[in-house]
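In what follows, a structure is listed as structure tokens, so that the remarks can point back to it.
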2 protein chains.
Amino acid sequence: MDATFRAIADPSRRTILDLLAEGERSVTQLLEHFDFSQPALSKHLRVLRDAGLVTARSASRRRLYGLRAEGLRSVAEWVRHYEQFWTERLDALGAVLDAEAGQ
Amino acid sequence: MDATFRAIADPSRRTILDLLAEGERSVTQLLEHFDFSQPALSKHLRVLRDAGLVTARSASRRRLYGLRAEGLRSVAEWVRHYEQFWTERLDALGAVLDAEAGQ
DNA sequence: TCAACATATAACCAACTGGATATGCGTCAA
DNA sequence: TTGACGCATATCCAGTTGGTTATATGTTGA
């Protein structure tokens, strides 16, 4: 879980996840979207793989990466725990408005 | 937004947010939950403040920190975009089970 | 008034990180 | 079979990070 949070802390890696959300991509395909070198991309992919956020399979001489969104579940649950803090306020606001409308 | 993701990448800082979710706390109160020094805590608090995740107000000679959960909104929205990937699968599974039950 | 308290900042350090270049290794096409 | 392709790994480097100790600042109580 710690690995997950550290993995998504980097904007390039979040972009990778965004790209993979559209479907499987090879390393070369992914690389087109970045300014850094291919080894740098491979490093990012390794971090994502170690965090369980992407999968990889070999297809002839290419390597296809895919999204493994379930890896983000812990993040989703963690943040949902906080979501109530702003939805509660909206509920409270709604209650106030209702009360005022009732008068 | 980038600052937000980097801020929550650290487990100590996530713990701080968890503590503040229960209410305002002074630096000394927060410090009881950690093994590191007071300056280290002040540094973490600065990162969280810069990311807009906590608020601080002076109360006599103490400084009370509070949660500012709205700062996590961008994270919540980002991860919700991925949430569909596992809920969709559950929906699909549900459809299969429904179909089998119908036979 | 002054010592102790509560906190922030400064300066420093080791470890980690994201990048680069160089290279190794398997796969395909000619 | 061999050269080019696709990718991973090794090594190195500069910048960032999380920690430390030392110190400065404001506040309160005696």
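Below, chain A is the first sequence line, B the second, and so on; all start at residue 1.
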Under 3.5 Å side-chain donor-acceptor pair for B:Q38 and B:S42: yes
Sugar-phosphate, base or nothing in reach of B:F34, heavy atoms under 4.0 Å: nothing
Residue-phosphate contact under 4.0 Å: A:R6 side-chain N/O, C:dT17 OP1/OP2: yes
Interatomic distance where CZ belongs to B:F5 and P belongs to D:dT16 [whole Å]: 21 Å
Spacing of B:L45 atom CG relative to D:dG18 atom C1', expressed in whole Å: 14 Å
Ring centres under 6.0 angstrom apart (A:H44, A:F36): yes
For the student: nearest non-hydrogen atoms of A:V54 and A:L17, plus distance: CG1-CD2, 3.8 Å
A:D2 CG to D:dG18 P, straight-line distance once rounded to whole Å: 11 Å
Interatomic distance where CZ belongs to A:R62 and P belongs to D:dA8 [whole Å]: 13 Å
5' precedence on DNA chain D between A:K43 and A:R49 (nearest-nucleotide basis): A:R49
Donor-acceptor pair under 3.5 Å, B:Q38 side chain vs C:dA8 base: yes
N or O in side chain of B:R13 less than 4.0 angstrom from D:dG18 OP1/OP2: yes
A:W78 ring center within less than 6.0 Å of A:Y82 ring center: yes
Value in whole Å for how far the C1' atom of D:dC5 lies from CD of A:Q29: 15 Å
Considering all heavy atoms, the nearest B:A9-B:R14 contact: O-NH1, 3.4 Å
Short side-chain N/O contact to C:dT17 OP1/OP2 from A:H44, under 4.0 Å: no
A:L31 CG - D:dC5 C1' separation (whole Å): 14 Å
Sugar-phosphate, base or nothing in reach of B:S42, heavy atoms under 4.0 Å: base
Basic-acidic side-chain contact under 4.0 Å: A:R6, A:D50: no
Contact under 4.0 Å: A:Y65 side-chain N or O vs D:dA8 OP1/OP2: yes
Nearest-neighbour nucleotide for the B:R61 side chain, C:dC28, D:dT21, C:dC5 considered: C:dC5
Touch class at under 4.0 angstrom, heavy-atom based, for B:S26 against every strand present: sugar-phosphate
B:L41 CG to D:dT20 C1', straight-line distance once rounded to whole Å: 14 Å
5'-most by nearest nucleotide on DNA chain C - A:A59 or A:S37: A:S37
Sugar-phosphate only, base, or nothing, as touched by A:A40 at under 4.0 Å among non-hydrogen atoms: sugar-phosphate
Phosphate-side-chain proximity, B:S60 and D:dT27, N/O vs OP1/OP2 below 4.0 Å: no
Under 4.0 angstrom between B:R46 side-chain N/O and C:dT9 OP1 or OP2: yes
A:P39 vs A:D10, nearer the 5' end of DNA chain C by closest nucleotide: A:D10
Nucleotide D:dA24, atom P - distance to CZ of B:R63 in whole Å: 21 Å
